*Asks:* 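What follows is a structure written as structure tokens; I'll ask about it next.
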Amino acid sequence: MSEEQENFRDTIGTINEEGKRAWVFPKKPSGKFWKYRKYVSYFLLSFLILSPFIKINGNQFLMFNVLERRFNIFSFPFWPQDFHLFVISMLIGVVFVALFTVAFGRIFCGWMCPQTIFMEMVFRRIEFWIDGDRGAQIKLNRQVWNAEKIRKRLTKWTIFFIISFLIANVFLAYLIGSDNLIQYISDGPSSHISTMVSLLIFTAVFYFIFAWFREQVCIIACPYGRMQGVLLDNKSIVVAYDHKRGEAEKGRKKFRKNEDRAALGHGDCIDCNQCVNVCPTNIDIRNGTQLECINCTACIDECDSIMEKVNLPKGLIRYASEDEITKKEKFKFTPRLKGYSAILVILIGLLIGMLFLRNDLEADILRLPGQQYRKKEGNIISNVYTFKLINKTTKDVTDVHFKLLSHEGKISLVRHEDFNVLAQNLAEGTLFIDINNDNIKSDKEKVKIGVYSGDKLIETTSAAFLAPRNYK
């Protein structure tokens, strides 16, 4: 491309020459890929909305309670002590997205991203229903504020606000738990003013994103679009324009009936501009791969319909790599993809192994800070500890008590002996460990402690035990 033709890279399609917002009015998409995207979107929308309200073994299917530091992923509960598992899960997600980006470009954005799904499959479709298709929307935007425009705008904005409010409620269910959300709704807004204020803030944020900021999220705010530029190469399969076929020797040309375009040296692109009109980020895919492209396939469907009308082969815009277009090379599993796949397999294996080794009851026993050992009658050395037991299951752990496994000695609890740890809850307290001085080999050694439920050993942990240096 010449320098003049490359000027599009200096700007974005949603900003005009004066530096002001250029509102995008995309044409209503249709076609094979659009139909598939609708099926995928309906499934993901159902998954997103229902996940916080589905329970398996009493655990919410997905929950990210940051305030209480409790997370449920696919009904598996994660506590602060499981943070390493949560981090590995997030790393798996990042590597998985990176792998698919290297192989298939920004396919996540066009097919699975919640922003795209809500924008294109919910809010944009409501806009088409109220304001009409591209031409009608442009006309309405230029129209004076008469009764028709006021009615359509108020109707659309009201529906947008209601949907944003519902999305905010679902989002809150992920944060505080669906049971708490339902309880708050039953109690009424006046009983939970702070929660209601938070809900309205979330609603305002979602309304701002989907009613005004819209595609700017993908173009400006989303870091994934920037990461795409690092991950893509000529072997990545993306939504691409076949410039070899479309431009030929003398470039694109408007269509004329019964004209022999091949003999004249013109490509199959008839310069109808419909691929630009249907694009939700207002780019021209014929300029090549761009960061703004979200691989939504709207241009593929639109171009295929135009090619069908002018009796030219479909696939002028299609899923393809640059090497496939220029060198006719098919997709290969490159060393780069093999590297990402290997990392992904290792991380998944590591996570599975850690999940199997993870105990249902987590025990932490620590010496009380600032406390020294005590000498008791009968040559007994005593240390004081605090304990914390976290029950990660949906069932109560009953008849809990402690035993020394590494030394002969005694463990005594303050206030109570055997006790219960409630489901998905924690128990805290103080205990003393008494060991005969003759059984201690050093001034600081590890003692192994067993946590029992009745006669069943359910967890083991260790703690430091201090004794006199010159004890013999």
Side-chain angles (χ1 to χ4, degrees), residues 57 59 65 68-73 76-89 350-376 380-468 471:
N57 296 326
N59 290 324
N65 192 332
E68 297 181 7
R69 295 181 295 172
R70 289 176 56 191
F71 305 90
N72 288 355
I73 300 178
F76 289 101
F78 292 86
W79 291 74
Q81 290 77 9
D82 297 319
F83 186 70
H84 59 289
L85 297 175
F86 182 75
V87 170
I88 292 175
S89 300
L350 185 64
L351 178 64
I352 292 173
M354 287 183 170
L355 286 174
F356 275 109
L357 294 173
R358 176 176 176 260
N359 292 322
D360 291 335
L361 187 137
E362 184 89 19
D364 286 321
I365 300 177
L366 299 172
R367 289 192 70 261
L368 196 63
Q371 295 293 320
Q372 295 293 323
Y373 60 85
R374 290 179 57 197
K375 292 183 178 180
K376 293 184 177 180
I380 300 297
I381 304 299
S382 178
N383 280 218
V384 60
Y385 299 83
T386 59
F387 70 85
K388 182 185 292 185
L389 303 180
I390 300 175
N391 183 0
K392 302 174 184 177
T393 69
T394 56
K395 297 179 180 179
D396 295 347
V397 179
T398 59
D399 192 22
V400 178
H401 55 279
F402 301 94
K403 290 182 181 179
L404 266 178
L405 302 178
S406 58
H407 296 71
E408 290 185 11
K410 176 185 176 184
I411 296 180
S412 55
L413 277 67
V414 177
R415 297 183 182 175
H416 51 68
E417 290 301 324
D418 295 357
F419 58 95
N420 300 332
V421 185
L422 301 179
Q424 294 191 8
N425 216 317
L426 62 87
E428 297 178 282
T430 306
L431 59 83
F432 290 93
I433 297 180
D434 297 340
I435 302 176
N436 193 295
N437 200 17
D438 294 334
N439 296 327
I440 301 173
K441 298 178 181 179
S442 67
D443 59 339
K444 185 177 182 180
E445 59 185 79
K446 291 288 184 181
V447 290
K448 189 176 180 181
I449 304 161
V451 184
Y452 287 78
S453 175
D455 296 327
K456 181 182 178 182
L457 177 65
I458 56 176
E459 172 68 317
T460 59
T461 186
S462 61
F465 189 89
L466 297 185
Y471 49 87

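Atoms considered below: every heavy atom in the structure, side chains included; atoms not considered: hydrogens, waters and symmetry mates. Only a predicted model underlies this, so the values are computations on that prediction, with no experimental measurement involved.
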*Asks:* Looking at Asn383 and Ile433, would you say the former's side chain and the latter's main chain have a donor-acceptor pair under 3.5 Å?
*Replies:* no

*Asks:* Please examine the side chains of Ile380 and Asn436, heavy atoms only from C-beta on, and report whether any two atoms are closer than 4.5 Å.
*Replies:*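 They are in side-chain contact.
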
*Asks:* Taking all heavy atoms of Lys376 and all of Asp434, pick out the closest pair and write down the distance.
*Replies:* NZ-OD2, 3.2 Å

*Asks:* How many angstroms lie between atom OG of Ser442 and atom CG of Leu466, to the nearest 0.5 angstrom?
*Replies:*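 These two atoms lie 9.5 Å from each other.
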
*Asks:* Which heavy atom in Tyr373 sits nearest to a heavy atom in Arg367, and how many Å separate them?
*Replies:*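 Closest approach of Tyr373 to Arg367: N-NH2, 4.2 Å.
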
*Asks:* Please enumerate all residues that pass ring pair (Phe, Tyr, Trp, His ring centres under 6.0 Å) together with Phe71, with sequence neighbours excluded.
*Replies:*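 Residues passing ring pair (Phe, Tyr, Trp, His ring centres under 6.0 Å) with Phe71: Phe86.
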
*Asks:* What is the distance from atom CD1 of Ile381 to atom NZ of Lys375, rounded to the nearest 0.5 Å?
*Replies:* 6.0 Å

*Asks:* Check Ala427 against Phe419 and note the closest heavy-atom contact, atom names and distance.
*Replies:* CB-CE1, 3.9 Å

*Asks:* By side chain to side chain donor-acceptor pair (under 3.5 Å), which residues pair with Asp364, not counting sequence neighbours?
*Replies:*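 Scan of Asp364 (side chain to side chain donor-acceptor pair (under 3.5 Å), adjacent residues dropped) gives none.
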
*Asks:* Identify the two heavy atoms, one from His407 and one from Asn439, that lie closest to each other, and give their separation to 0.1 Å.
*Replies:* CD2-O, 3.6 Å

*Asks:* Applying side-chain contact (heavy atoms from CB on, under 4.5 Å), run through Val414 and Leu431 and close with a yes or a no.
*Replies:* CA-CA 6 Å; Val414 177; Leu431 59 83; over 6 Å; no

*Asks:* Can you name the ring pair (Phe, Tyr, Trp, His ring centres under 6.0 Å) partners of Phe402, sequence neighbours left out?
*Replies:*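 Counting only residues at least two positions away or on another chain, Phe402 forms a ring pair (Phe, Tyr, Trp, His ring centres under 6.0 Å) with Phe387.
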
*Asks:* Would Leu422 and Asn391 count as a side-chain contact (heavy atoms from CB on, under 4.5 Å) if you check the C-alpha gap in whole Å, the side-chain angles of each, and the deciding distance to 0.1 Å?
*Replies:* CA-CA 7 Å; Leu422 301 179; Asn391 183 0; 5.9 Å; no

*Asks:* Kindly give the heavy-atom pair with the smallest separation between Leu457 and Gly450, and that separation in Å.
*Replies:* CD1-CA, 3.8 Å

*Asks:* For residues 390-400, pull every pair meeting salt bridge (Lys or Arg N to Asp or Glu O under 4.0 Å), keeping only residues two or more places apart or in separate chains.
*Replies:*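 Qualifying pairs: Asp82-Lys392, Glu362-Lys392.
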
*Asks:* Let me confirm one number: the CG-OG distance from Leu389 to Ser453, rounded to the nearest 0.5 Å.
*Replies:*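 Rounded to the nearest 0.5 Å, the CG-OG separation comes to 11.0 Å.
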
*Asks:* Let me confirm one number: the CD1-CG distance from Ile352 to Leu357, rounded to the nearest 0.5 Å.
*Replies:* 12.0 Å

*Asks:* Rounded to the nearest 0.5 Å, what's the gap from CD1 on Ile411 to CD1 on Ile449? Could you check?
*Replies:*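 If I round to the nearest 0.5 Å, the distance is 5.0 Å.
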
*Asks:* To check you understand the geometry: which heavy-atom pair defines the closest contact between Ala363 and Val451, and what is its length?
*Replies:*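 That would be CB-CG2, 4.0 Å.
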
*Asks:* Can you name the residues that form a side-chain contact (heavy atoms from CB on, under 4.5 Å) with Leu366, not counting sequence neighbours?
*Replies:* Thr386

*Asks:* Spell out, as yes or no, whether a donor-acceptor pair under 3.5 Å connects the side chain of Ser462 to the backbone of Lys448.
*Replies:*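 The answer is no, because no donor-acceptor pair under 3.5 Å joins these two groups.
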
*Asks:* Who are the ring pair (Phe, Tyr, Trp, His ring centres under 6.0 Å) partners of Tyr452, not counting sequence neighbours?
*Replies:* His401

*Asks:* Rounded to the nearest 0.5 Å, how far apart are NZ of Lys403 and OG1 of Thr460?
*Replies:* 14.0 Å

